[in-house]
Amino acid sequence: MAKGKSWDDMIETDEMIEMIKKDGAEYFAKESKYRIDAGIYLERLIEEHGFTRKDIIRRLNLEDSYGRKIFGGQRTPTRKILLQCAFLLSLNLEETQRLLDVGQKPRLYPRVRYDAAIIHGIEKGMNLEQMNAFLEEIGEPPIF
């Protein structure tokens, strides 16, 4: 198993808040043990949506070795890869924001034009191809 906690070992947000309140500064010294690895989280989402690692690696046009490193916890996926996965898996906005959080990437922020366009695409249920076409139409770089 890759580094980090497994999906089932994740603690709830409310629990984490209580730990922060109780432990204060000590929490931050030990908080890294509560992080779930982005590759593990992504793999779980992929399975839940009926895909395989291989499907996603192929659809993202990634090198096999790079894809294995992402899922093995040796590489952290880029924000673009996480966003591509969100569209391939048809994640809603909340799920996408969570994926970005787990991947330790900036959340989508509606005051940023590019991010606002992505939010629009998620809310409209666009697939990755439709999202990229929309981004091109409004003069923003594609996600691919």
Side-chain angles (χ1 to χ4, degrees), residues 1-21 23-49 51 53 55-144:
M1 178 177 281
K3 65 183 178 181
K5 309 247 332 149
S6 74
W7 180 270
D8 296 327
D9 293 335
M10 285 179 58
I11 63 173
E12 295 294 322
T13 303
D14 293 340
E15 265 183 274
M16 194 174 289
I17 289 171
E18 288 305 313
M19 291 169 64
I20 291 167
K21 288 178 184 176
D23 297 341
E26 291 176 23
Y27 169 80
F28 294 98
K30 62 184 179 183
E31 66 89 30
S32 64
K33 76 178 188 176
Y34 298 114
R35 270 191 217 134
I36 185 167
D37 180 78
I40 292 171
Y41 185 76
L42 190 54
E43 186 161 17
R44 181 63 180 238
L45 285 174
I46 288 167
E47 288 173 10
E48 285 178 359
H49 288 83
F51 292 95
R53 264 193 217 188
D55 292 333
I56 298 301
I57 290 170
R58 188 182 72 251
R59 291 182 75 182
L60 293 177
N61 202 25
L62 298 175
E63 295 274 337
D64 285 339
S65 62
Y66 182 65
R68 282 194 304 274
K69 286 178 183 177
I70 288 174
F71 292 110
Q74 297 155 324
R75 295 290 298 261
T76 302
T78 65
R79 188 174 193 244
K80 280 192 170 198
I81 288 174
L82 294 174
L83 289 173
Q84 289 171 348
C85 288
F87 279 95
L88 290 174
L89 300 172
S90 301
L91 300 183
N92 65 31
L93 183 56
E94 182 180 330
E95 293 167 326
T96 301
Q97 298 288 43
R98 174 73 175 137
L99 179 59
L100 291 168
D101 289 344
V102 170
Q104 298 178 18
K105 303 298 181 222
R107 288 178 146 237
L108 293 168
Y109 184 60
R111 292 189 188 269
V112 174
R113 187 171 194 267
Y114 181 81
D115 287 4
I118 301 288
I119 291 169
H120 171 75
I122 290 169
E123 292 298 319
K124 292 293 184 182
M126 292 182 186
N127 63 33
L128 185 57
E129 292 77 24
Q130 292 168 326
M131 185 71 245
N132 282 325
F134 177 71
L135 288 168
E136 183 179 334
E137 180 183 321
I138 64 168
E140 293 290 337
I143 298 174
F144 38 62

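Under a 3.5 Å cut-off, the side chain of Glu47 and the backbone N or O of Arg44 do not form any donor-acceptor pair. A donor-acceptor contact shorter than 3.5 Å is absent between the side chain of Arg75 and the backbone of Arg68. Without hydrogens or angle criteria, Arg53 side chain to Glu43 main chain gives no donor-acceptor distance under 3.5 Å. Without hydrogens or angle criteria, His120 side chain to Ala116 main chain gives no donor-acceptor distance under 3.5 Å. Checked by atom type and distance alone, the side chain of Lys80 pairs as donor or acceptor with a backbone atom of Pro142 at under 3.5 Å. Under a 3.5 Å cut-off, the side chain of Asp115 and the backbone N or O of Tyr109 do form a donor-acceptor pair.
Residues Pro141 and Leu135 have side chains not in contact (no heavy-atom distance under 4.5 Å, counting atoms from C-beta outward). Residues Gln130 and Phe87 fail the side-chain proximity criterion, which asks for heavy atoms closer than 4.5 Å. Side-chain contact between Ile46 and Phe71 is present, with at least one heavy-atom pair separated by less than 4.5 Å. Inter-residue side-chain proximity for Leu60 and Cys85 is flagged as met; some heavy-atom pair is nearer than 4.5 Å. Taking 4.5 Å as the limit, every side-chain heavy atom of Thr96 sits out of range of all side-chain heavy atoms of Arg107.
One distance of note links CG of Asp37 with OG1 of Thr76; it measures 7.0 Å at 0.5 Å rounding. Note that CZ of Arg79 is 11.0 Å distant from CG of Leu99, once rounded to the nearest 0.5 Å. Interatomic distance, CG of Leu88 versus CG of Asp55, reported as 10.0 Å (0.5 Å rounding). Remark: Glu140 CD to Asn132 CG distance equals 12.0 Å, nearest 0.5 Å. Residue Glu63 holds its CD atom at 11.5 Å from CD1 of Ile70, rounded to the nearest 0.5 Å.
By the 4.0 Å N-to-carboxylate-O rule, Arg98 lies too far from Glu94 to be salt-bridged with it.
Considering all non-hydrogen atoms of both residues, Ile138 and Arg113 come closest at O-NH1, 2.9 Å. Shortest non-hydrogen contact noted between Leu100 and Pro106 is CD1-O, 3.6 Å. Listed here is the closest heavy atom pair of Glu95 and Leu91: OE1-CA, 3.3 Å. Closest non-hydrogen pair, Pro77 versus Leu82, comes out as CG-CD2, 3.6 Å.
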task: Could you go through the side chain to side chain contact (heavy atoms under 4.5 Å, CB included) check for Leu108 and Ile122 one step at a time?
output: CA-CA 11 Å; Leu108 293 168; Ile122 290 169; 3.8 Å; yes

- request: Given side chain to side chain contact (heavy atoms under 4.5 Å, CB included), test Ile57 with Tyr66 step by step and report yes or no.
  value: CA-CA 9 Å; Ile57 290 170; Tyr66 182 65; over 6 Å; no

- request: Test Met131 against Leu83 for side chain to side chain contact (heavy atoms under 4.5 Å, CB included), laying out the working first.
  value: CA-CA 11 Å; Met131 185 71 245; Leu83 289 173; over 6 Å; no

Working for side chain to side chain contact (heavy atoms under 4.5 Å, CB included), residues Ile143 and Leu128: CA-CA 8 Å; Ile143 298 174; Leu128 185 57; 4.2 Å; yes

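In the displayed structure, Lys69 atom NZ is contacted under 6.0 Å by at most 12 heavy atoms of other residues, nucleotides or ligands.
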